[in-house]
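Notes to accompany the following structure.
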Protein chains: 2
Amino acid sequence: MTERNAAPIAARPLRRDAAENRERLLDAAIQVFAEHGLDAGVDEVARVAGVGTGTLYRRFPTKQALIDELVGGMRRSILAVARRAALATDGSGIEDLLVGAGELQAAQSGCLRRLWNQSDAESDALNEFRSLIGVLLKSGQAAGRIRPDVTSTDVSMLLWSLRGVIESTVAAAPNAWRRHLELMIAGLRPVGPDGLSAVLSAKPMTVAQLRAATAAAPQS
Amino acid sequence: MTERNAAPIAARPLRRDAAENRERLLDAAIQVFAEHGLDAGVDEVARVAGVGTGTLYRRFPTKQALIDELVGGMRRSILAVARRAALATDGSGIEDLLVGAGELQAAQSGCLRRLWNQSDAESDALNEFRSLIGVLLKSGQAAGRIRPDVTSTDVSMLLWSLRGVIESTVAAAPNAWRRHLELMIAGLRPVGPDGLSAVLSAKPMTVAQLRAATAAAPQS
DNA sequence: GCTGATGCGGAACGCTCACTCCGCTTACGG
DNA sequence: CCGTAAGCGGAGTGAGCGTTCCGCATCAGC
């Protein structure tokens, strides 16, 4: 599902065994980080991959670089989901995006905290993602599926919140996040006849605040 | 706001300066953990408190014990909020609980991950809290403020989700969580006339799954 | 004030973990 | 098949952090 670029720029291609080990390391990292979180040691990743730590470090100069590689792949995947969601014509694209993002994150739950960290995001991809959210949101509102006072930052918060839920429940209940997401989407709907929740009294986050919040350095 | 029991059982009271240092340490811990997360070093806590690390360790046998003390206080506070919410007669108690829990967590955002960790929760308090959630939920549903297919585990998930949002946004946007909570509460309302989101297709978590998810060992 | 118990500080210890180094092995072009 | 560059493994290193220890300071009862 995740495209891996063999090397940033086409330098000399890796030797066959080396390329194979690289793939094994990435797979092992996904598994180990999902099981034990990012605090898992590099030795464990190397062990699961069936290589020595030296090999790991020749391929990825730091643990951070290894994580970045995984995160980069997820970012590309989620951006693809957003682009696909933008094809919907009935205003349901924003919901497709949320579900799709949930599925991707559930499949690779180890690096989610890094995933949404803006500080190291390539600006182009991030900007496109942001504008796609805006487009999808407007489309949903125009179709009457989403209440008009919802903002882009609300959607971002919702994604961030979903991340937290997935991160801590996939292991015990692989699909629990779907239920939670359904309830959150219900919260985005136009208000009912009783008028409860008709007015959102709290102001939405500013973009700057959102940036600051997601840029806050996560541990490890 | 948080009651601190001077010592588990009334052994000999602490010397005056020692008791003072104990308070200073707890205050410093709240501040430091809120700023840098639980990964912050004990030396930093001691430094902010203006004492040596030896003093910290004489009062709290491990870093974990210090954290537990903070968490215990929060648990008592939140239980009190739940009890107070149970006094509401119009079915809005569940919403009061959510808002109250949010406020408490926002005020002390360093140890939230531990806060909801069931594994080390005193069973009595936890059981009471659980049953209070059930009571509040039923009351809200009876009053027509909450859709009937919402379960206790849904509410627990919502609390868990709120935790994640607060943890990472209080610093940058102290009240952003209120907006998010409003939207989530809107999702709990009876469905509107258009019937969108009328049926929750995903099953709720079982209590066992919830237990497993929240018991999952958090890092550090 | 005197005295003993209680408390204090911070240097030192040891464990964990990211990262490095180097002698050995393996792929691959000619 | 051979030479060599590329790759490999895993013991070793150093830094960070939780925890301990012990000589000195401070409180409290008489």
Side-chain angles (χ1 to χ4, degrees), chain A residues 6-29 32-33 35-71 110-111 113-114 217-220, chain B residues 6-8 10-29 32-33 35-71 110-111 114 217-220:
Chain A
I9 306 294
R12 194 195 354 266
L14 290 173
R15 230 167 69 174
R16 184 161 35 79
D17 53 347
E20 199 173 303
N21 281 337
R22 192 187 135 92
E23 292 303 302
R24 271 218 281 271
L25 279 166
L26 287 169
D27 289 338
V32 169
F33 289 150
E35 257 171 67
H36 305 100
L38 288 178
D39 286 352
V42 288
D43 296 23
E44 177 71 5
V45 174
R47 198 183 57 74
V48 170
V51 303
T53 60
T55 301
L56 189 158
Y57 274 94
R58 191 160 325 91
R59 218 44 68 207
F60 305 96
T62 66
K63 180 182 183 180
Q64 194 48 234
L66 171 59
I67 294 171
D68 287 348
E69 188 65 35
L70 296 180
V71 166
C111 335
R113 175 153 290 158
R114 292 299 158 126
Q219 50 268 46
S220 150
Chain B
R12 193 190 2 262
L14 290 172
R15 231 168 68 176
R16 184 161 37 79
D17 54 346
E20 200 172 303
N21 280 338
R22 192 187 136 92
E23 292 303 302
R24 271 217 282 269
L25 280 166
L26 287 169
D27 289 337
V32 170
F33 290 149
E35 255 171 68
H36 304 100
L38 288 178
D39 287 352
V42 286
D43 297 22
E44 176 72 5
V45 174
R47 198 183 57 74
V48 170
V51 303
T53 60
T55 300
L56 189 158
Y57 274 92
R58 191 163 324 92
R59 218 45 68 207
F60 306 96
T62 65
K63 179 182 184 180
Q64 193 49 235
L66 170 60
I67 295 171
D68 287 347
E69 189 65 33
L70 296 179
V71 166
C111 334
R114 289 299 156 97
Q219 49 267 47
S220 152

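Naming: A, B, ... by sequence-line order, numbering from 1 per chain. Any value given below was found using the heavy atoms of this structure, including those in side chains, with hydrogens, waters and symmetry copies removed.
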Q) Can you give one letter per nucleotide of nucleotides 7-12 of chain C, going 5' to 3': B for a protein heavy atom under 4.0 Å from the base, S for sugar-phosphate only, - for none? A) SBBBB-

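- Looking at residues two or more places apart in sequence or on another chain, you find a salt bridge (charged side-chain N to carboxylate O under 4.0 Å, His left out) between B:E20 and B:R24.
- By the 4.0 Å N-to-carboxylate-O rule, A:R22 lies close enough to A:E69 to be salt-bridged with it.
- Between B:L26 and B:L66 the shortest side-chain heavy-atom distance falls below 4.5 Å.
- The salt bridge (charged side-chain N to carboxylate O under 4.0 Å, His left out) search around B:D43 returns none, not counting sequence neighbours.
- Along DNA chain D, read 5' to 3', the first and last nucleotides having any atom under 4.0 Å from a heavy atom of chain B are D:dG18 to D:dA28.
- In this structure, the separation between CZ on A:R113 and CZ on A:F33 is 14.0 Å, given to the nearest 0.5 Å.
- Atom NZ of A:K63 is separated from atom P of C:dA18 by 4 Å (rounded to the nearest Å).
- A:L14 places a side-chain heavy atom less than 4.5 Å from the side chain of A:R59.
- Every residue meeting the side chain to side chain donor-acceptor pair (under 3.5 Å) condition with A:R15, not counting sequence neighbours, appears here in chain and number order: A:D17.
- Residues passing the salt bridge (charged side-chain N to carboxylate O under 4.0 Å, His left out) test with A:R47, sequence neighbours excluded: A:E44.
- The 5' end of DNA chain D is approached more closely, in terms of each residue's nearest nucleotide, by B:Y57 than by the other of B:R16 and B:Y57.
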